[in-house]
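I have placed the structure first, in the form of structure tokens, so that the comments after it can refer back to it.
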Amino acid sequence: MLLWTTAFLASLVAAQTYPPDVVDQLAAASLPKVKEWLAKNPQGNCTLETAVRRKEWMDLTLAQRKEYTNAVLCLMSKPALTSSAAPGAKSRFDDYIVVHVQQTPRNHGSVRVYTSNTYPMLISNPYADLLLTLAPLLRMALRASPSQRVWIQGISTDPANSPLFDGSEGSMGGNGAKANYNGIMIPGPYDRIPPADGGGCVTTGPFKNMTVNLGPIAPILQLTRNPRADGLGYNPRCLRRDINKNSAAVTSAKDVHDVITKNNDAHWFQTVMEGQFPQGKWGIHAGGHYTVGGDPGGDFYTSPGDPAFWLHHTMIDRVWWIWQIQNLEKRLKEVSHTRTMSNFPPSANGTLDDLSGLGVLAPDVEVRELMSTMGGLMGKFCYIYE
């Protein structure tokens with residue numbers, strides 16, 4: 001076991017292009033626990049050696065990064081499935097925004113908050129994972145590696161100039177042009193998040209010509225209102241961002257490490273991760289969203305309309321995974337919170353028997369099927385994080 005562990009950890013470290021931080025070290029040191037659990041609970045052909053390794057953006061080659069962004073652009077070129085309910089939806093990419101808007105009251109601040117994150121990480125991946133649920137047309141259109149990409153926060157104190165947002169062809173697009181706005185009113189270290197150097201249209205990188213079609217619903221910028229009250233009408237405009245180091249400051253490696261190591265049950269892990277706003281604590285989930293900000297990234301309902309959303313939420317899945325593997329026997333069965341957002345209206349406590357799904361994009365399955373990255377979803381999940 002010691003020899004295997006040493007060799008496996010060395011392979012993970014060798015794959016990184018930046019020095020491992022305390023979260024990376026914790027994840028790597030915890031892998032023997034995963035191997036031990038798998039020895040007691042075999043998951044068919046899913047082993048640590050066969051599992052897909054989800055990589056951080058900086059660890060990808062330029063070709064791999066472009067392969068990913070091209071697949072996202074491909075999603076944006078395919079017809080929507082939700083246009084009857086949402087006239088503003090013009091692409092398969094927009095379908096995920098529609099589902100997010102429709103399911104926000106069910107999933108956020110509830111028992112489904114992380115499993116509703118894991119499920120779309122599988123099927124919204126613009127790579128081959130998408131083939132599990134979408135049409136044969138996409139099976140042909142989206143040929144690529146089956147691993148979603150992850151944005152690991154805390155590796156850069158200057159996110160606007162990081163490889164993720166520097167506006168190069170190998171980025172997820174650049175910052176927005178400088179625009180005047182008052183920042184984001186939110187309880188916390190600043191009472192409002194001061195604006196950074198963006199806020200306007202993204203003009204560099206793979207998504208410089210992207211059109212945002214849906215929303216806004218809860219905007220942080222001054223924008224043209226959507227023609228429909230539910231935000232699902234057609235409202236074309238540019239992608240806007242304000243890549244903000246003030247928000248990124250609450251997503252450091254120490255913040256992530258503390259969330260994982262100082263919260264020993266699902267209730268407190270979820271509570272601290274999601275933010276304790278009355279106490280002025282944003283949490284790394286909200287901090288990540290407001291690191292991107294802009295439109296639609298800063299809109300609580302339509303934020304999946306910024307392609308960076310999916311990397312941020314894969315990071316959230318990574319944090320949950322590292323927390324789980326500290327005690328797999330217990331934490332693969334542990335859920336918290338009720339069945340409604342922030343328990344409004346009041347509802348029963350959630351259980352593993354509750355259902356989580358993605359509307360027209362994927363059927364409901366029991367929460368228990370989405371708890372494990374190794375063998376979950378009836379064996380379709382088989383991945384770990386580097």
Side-chain angles (χ1 to χ4, degrees), residues 52 54-60 64-78 91-101 103-104 107-108 113-134 138 142 144-153 159 162-165 170-173 202 205-207 210 212-215 239 241 243 251 284-321 358 361-362 370 373 381 383 385:
V52 168
R54 292 186 166 180
K55 297 177 179 289
E56 202 276 331
W57 192 256
M58 292 195 340
D59 292 332
L60 304 177
Q64 288 173 322
R65 295 181 195 180
K66 291 175 68 175
E67 192 176 38
Y68 183 87
T69 54
N70 285 340
V72 176
L73 292 169
C74 178
L75 273 180
M76 294 177 182
S77 72
K78 303 304 173 186
S91 71
R92 196 62 54 88
F93 182 81
D94 286 344
D95 289 335
Y96 291 94
I97 306 164
V98 173
V99 170
H100 187 269
V101 169
Q103 296 197 357
T104 288
N107 293 339
H108 287 76
V113 65
Y114 296 131
T115 56
S116 66
N117 180 67
T118 303
Y119 203 2
M121 284 307 104
L122 180 72
I123 74 160
S124 68
N125 179 355
Y127 283 147
D129 288 336
L130 192 63
L131 312 185
L132 290 169
T133 54
L134 299 187
L138 283 178
L142 305 180
S145 162
S147 60
Q148 173 66 300
R149 307 313 184 190
V150 58
W151 157 20
I152 297 181
Q153 286 154 300
S162 72
L164 189 61
F165 294 121
S171 71
M172 286 294 289
V202 172
F207 304 111
M210 176 182 162
V212 176
N213 297 319
L214 298 158
L239 172 67
R241 287 176 177 162
I243 307 299
T251 66
I284 59 177
H285 182 191
H289 278 293
Y290 292 128
T291 296
V292 177
D295 171 56
D299 189 309
F300 181 69
Y301 293 89
T302 60
S303 53
D306 188 316
F309 169 99
W310 300 99
L311 274 67
H312 168 53
H313 271 260
T314 311
M315 188 282 296
I316 295 297
D317 188 53
R318 178 184 188 247
V319 176
W320 185 36
W321 173 74
L358 290 171
L361 298 176
L370 304 173
T373 72
F381 286 166
Y383 67 89
Y385 286 97

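Keep in mind it's a predicted model, so treat the numbers as computed, not measured. Along the sequence shown, residues are numbered consecutively beginning with 1.
- Remark: Asp94 pairs with no residue by the salt bridge (charged side-chain N to carboxylate O under 4.0 Å, His left out) rule, at least two apart or across chains.
- With hydrogens and angles disregarded, no donor-acceptor distance shorter than 3.5 Å links the side chain of His313 to the backbone of His285.
- For the pair Val101/Leu214, no side-chain contact is recorded, criterion being any heavy-atom separation below 4.5 Å from C-beta on.
- Asn70 is not listed as a side-chain neighbour of Glu67, based on a closest heavy-atom distance of 4.5 Å or more.
- Scanning all heavy atoms of the two residues, the minimum distance from Ser171 to Gly205 falls at OG-CA, 4.4 Å.
- Between Leu75 atom CG and Tyr96 atom OH the span is 6.5 Å, to the nearest 0.5 Å.
- Rounding to the nearest 0.5 angstrom, the gap separating the CH2 atom in Trp57 from the OH atom in Tyr68 is 7.0 Å.
- To the nearest 0.5 Å, atom CG of residue Leu73 and atom NZ of residue Lys78 are 12.0 Å apart.
- Scanning all heavy atoms of the two residues, the minimum distance from Cys74 to Ser77 falls at O-OG, 2.6 Å.
- Between Arg54 and Asp317, the closest side-chain pair of non-hydrogen atoms falls below 4.5 Å.
- Scored by the ring pair (Phe, Tyr, Trp, His ring centres under 6.0 Å) test, Tyr301 finds no partners at all (sequence neighbours excluded).
- Asp295 is linked by a salt bridge (charged side-chain N to carboxylate O under 4.0 Å, His left out) to Arg237, counting only residues two or more places apart in sequence or in another chain.
- The two atoms that bring Pro206 and Gly173 nearest to each other are CD-N, 3.7 Å, heavy atoms only.
- Taken to the nearest 0.5 Å, the CE atom of Met172 stands 13.0 Å off from the NE2 atom of His312.
- By the side chain to side chain contact (heavy atoms under 4.5 Å, CB included) test, Pro304 is found to be paired with Ile97, His100, Phe309, Trp310, residues two or more places apart in sequence or in another chain being considered.
- Applying the salt bridge (charged side-chain N to carboxylate O under 4.0 Å, His left out) test to residues at least two apart or on different chains, the pairs with a partner in residues 301-310 are Arg241-Asp306.
- Nearest heavy atom pair, residue Lys66 against residue Thr69, reads O-OG1, 3.2 Å.
- Across all non-hydrogen atoms, the minimal contact from Gly288 to Thr251 is N-CG2, 3.7 Å.
- Between the CD atom in Glu56 and the OG1 atom in Thr314 there is a gap of 11.5 Å [rounded to 0.5 Å].
- Note: Thr302 OG1 to Asn213 CG = 11.5 Å, rounded to the nearest 0.5 Å.
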